[in-house]
Amino acid sequence: MPEASQPTIFANDHGVIQRYRNYLPVTDNTPIVSLSEGSTPLIHAPRLSARVGKGCTVLVKYEGLNPTGSFKDRGMTMAMSKARENGSKAVICASTGNTSAAAAAYATRAGMDCVVLLPAGKISQGKLAQAFVYGAKVVAIDGNFDRALELVREIGEMDEFEIVNSINPYRIEGQKTASFEIIDDLGDAPHIHVLPVGNAGNITAYWKGYREYHAEGKSTRLPKMVGFQAAGSAPIFYNQVVTAPETVATAIRIGNPASWEAANEALNTSGGKIDIVTDAEILEAQGWLAANEGIFVEPASAASIAGLFKCCAKPCEGCPVNAIEPESTIVCTVTGHGLKDIDTALSARSFRTIDAKDDRSDILGKLGY
Ligand code: AN7
């Protein structure tokens with residue numbers, strides 16, 4: 001049994017383990033480490049739907065509203081609860097930023113030490129601030145994410161550390177709950193699910209969730225899984241390791257994804273596809289979503305929206321999005337909050353304040369009223 005000092009579920013905790021514990025590998029002896037993650041909104045996007053046309057309905061699964069601002073919290077509540085159950089004292093992960101933010105927060109909840117390995121200079125300030133403020137030991141390495149993950153695999157062999165990257169299967173278990181929520185909200189699975197792909201854990205997790213709920217009779221269909229990588233970091237699309245990945249979407253600046261095979265399985269068995277979007281398309285979609293739907297997401301998350309635009313603008317052969325029936329339901333996961341990376345958001349566009357005197361008529365004059 002957990003010690004009294006260990007975190008446990010409280011009556012007002014509505015985290016994903018509480019909500020979906022019958023579908024997760026937890027027992028009464030698992031001390032639940034939670035920040036009430038999950039249950040994020042599935043937001044109807046009327047302008048996005050109109051842009052797609054064909055009478056389709058597009059909904060946005062806004063994962064930026066998780067406690068640390070990204071979908072990583074779903075996996076981290078599971079990974080950290082199991083690490084606690086196993087008596088681990090410290091966790092370690094490599095990260096492009098969001099995993100480290102979530103690991104740092106949940107490790108603190110669990111009373112464990114947290115070490116994060118980051119590619120130096122390639123983490124957004126918001127995410128770096130989170131790792132520091134939540135109390136992680138932050139190591140910036142002279143190498144990219146893929147190298148950091150290699151090192152974590154090596155260091156993680158020591159008994160002292162539990163790895164909480166998505167190579168930890170409990171991460172995938174936690175993240176699959178997003179599919180459950182979508183089906184619970186819609187009453188069925190969507191026809192198409194669109195999401196950004198980096199290390200490919202999330203597309204793997206969604207597909208697992210959709211299949212499990214379908215097997216339980218909770219949905220009548222399985223969606224086509226459609227993933228988008230940044231053009232400069234697209235190993236799955238090109239079917240080749242990218243040794244020097246580059247993209248403005250630093251969260252998905254990954255050249256050798258850990259869940260590569262599982263992602264291909266999801267893409268193939270669902271009848272979906274993987275494609276690429278350029279940095280310019282990503283930034284355009286980020287601005288468009290904020291200005292047209294009121295949803296501000298980080299650049300990596302905007303890859304799913306950019307991808308949907310690409311599919312609609314220029315039909316390509318065999319594309320499941322082009323082949324969709326009219327009136328289809330499409331869900332786009334937007335994985336992280338826009339406030340994670342305001343430097344990119346601000347530098348991508350020429351925003352200017354309207355400077356005025358502290359005077360009512362000057363303000364109104366400058367505004368043109
Ligand atoms: C906002 O934090 O890999 O394909 O180390 O932060 O499951 O890797 C982040 C990935 C998409 C890609 N959107 O998901 C990390 C990390 C955002 C992300 C992805 C990430 P995966």
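Ligands are counted one by one from 1 in listed order, and the atoms in each one are counted from 1 as well.
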For atom 17 (C) of ligand 1, what's the nearest protein heavy atom and its distance? Thr335 OG1, 3.3 Å
Using a strict cut-off of 4.0 Å, indicate which atoms of ligand 1 neighbour a heavy atom of Ile252. 11 (C), 12 (C), 19 (C)
Kindly confirm or rule out a cation-pi arrangement of Arg253 over Phe145, judged by NZ or CZ under 6.0 Å from the six-membered ring centre and within 45° of its axis? no
Kindly compute the distance separating CD1 (Ile203) from CD1 (Ile236), expressed to the nearest 0.5 Å. 7.5 Å
Under a 4.0 Å heavy-atom limit, does Ala300 contact ligand 1 with its side chain, its backbone, both, or neither? side chain
Report the part of Ile254 in contact with ligand 1, treating N, CA, C, O as backbone and CB onward as side chain, heavy atoms under 4.0 Å; options are side chain, backbone, both, neither. side chain
Quiz question: by atom type and distance under 3.5 Å, do the side chains of His44 and Thr57 form a donor-acceptor pair? no
Using a 4.0 Å cut-off to any heavy atom of Thr99, which atoms of ligand 1 qualify? 2 (O), 5 (O), 15 (C), 16 (C)
Without swapping roles, check the side chain of Asn98 against the backbone of Ser70 for a donor-acceptor pair under 3.5 Å. no
Show me which atoms of ligand 1 lie under 4.0 Å from any heavy atom of Asn199. 4 (O), 8 (O), 21 (P)
Polar atom proximity, Gly201 to ligand 1 (N or O, under 3.5 Å): yes
Against heavy atoms of Glu298, which atoms of ligand 1 measure under 4.0 Å? 1 (C)
Please give me the minimum heavy-atom distance between Pro245 and Asn144, naming the atom from each residue. CD-ND2, 3.6 Å
Parallel, tilted or perpendicular: rings of Tyr213 and Tyr20 (30°, 60°): perpendicular
The option among Ala251, Gly64, Ala148, Gly227 carrying the non-hydrogen atom nearest to atom 18 (C) of ligand 1 is Ala251
Does ligand 1 have a heavy atom under 4.0 Å from the side chain of Lys340, from its backbone, from both, or from neither? neither
For the side chain of Ser34 and the backbone of Ser36, is there at least one donor-acceptor N/O pair under 3.5 Å apart? yes
For the residue pair Asn66 / Glu37, report whether a side-chain donor-acceptor contact shorter than 3.5 Å exists. no
From Ala200, Gly336, Ser100, Ala263 - option closest to atom 4 (O) of ligand 1 by heavy atom: Ala200
How about Lys61 and Thr40: does a side-chain donor come under 3.5 Å of a side-chain acceptor? yes
Which atoms of ligand 1 have any heavy atom of Asn98 under 4.0 Å away? 1 (C), 2 (O), 6 (O), 17 (C), 18 (C)
Under a 4.0 angstrom heavy-atom cut-off, which atoms of ligand 1 come close to Ser95? 2 (O), 5 (O), 15 (C)
Polar side-chain atom of Glu173 near backbone of Pro25 as donor-acceptor pair, under 3.5 Å: no
Classify the angle between the aromatic ring planes of Tyr206 and Tyr210 as parallel (below 30°), tilted (30 to 60°) or perpendicular (above 60°). tilted
Just need the protein heavy atom nearest to atom 7 (O) of ligand 1, so name the residue and atom and give the distance. Asn202 N, 2.8 Å
For Val197, take its heavy atoms, then give the atoms of ligand 1 lying under 4.0 Å from any of them. 4 (O)
Please list, in number order, the atoms of ligand 1 under 4.0 Å from a heavy atom of Thr96. 2 (O), 3 (O), 5 (O), 9 (C), 15 (C), 16 (C)
Quick one: does Gly97 get a heavy atom under 4.0 Å from ligand 1? yes
With only distance considered, is Gly198 within less than 3.5 Å of ligand 1 through an N or O on each side? yes
To which protein heavy atom is atom 14 (O) of ligand 1 closest, and what is the distance rounded to 0.1 Å? Phe71 CZ, 3.5 Å
Compute the centroid of each ring, for Tyr134 and then for Tyr106, and state whether the two points are separated by less than 6.0 Å. no
If we set the cut-off at 4.0 Å for heavy atoms, which region of Lys72 has an atom near ligand 1: side chain, backbone, both, or neither? side chain
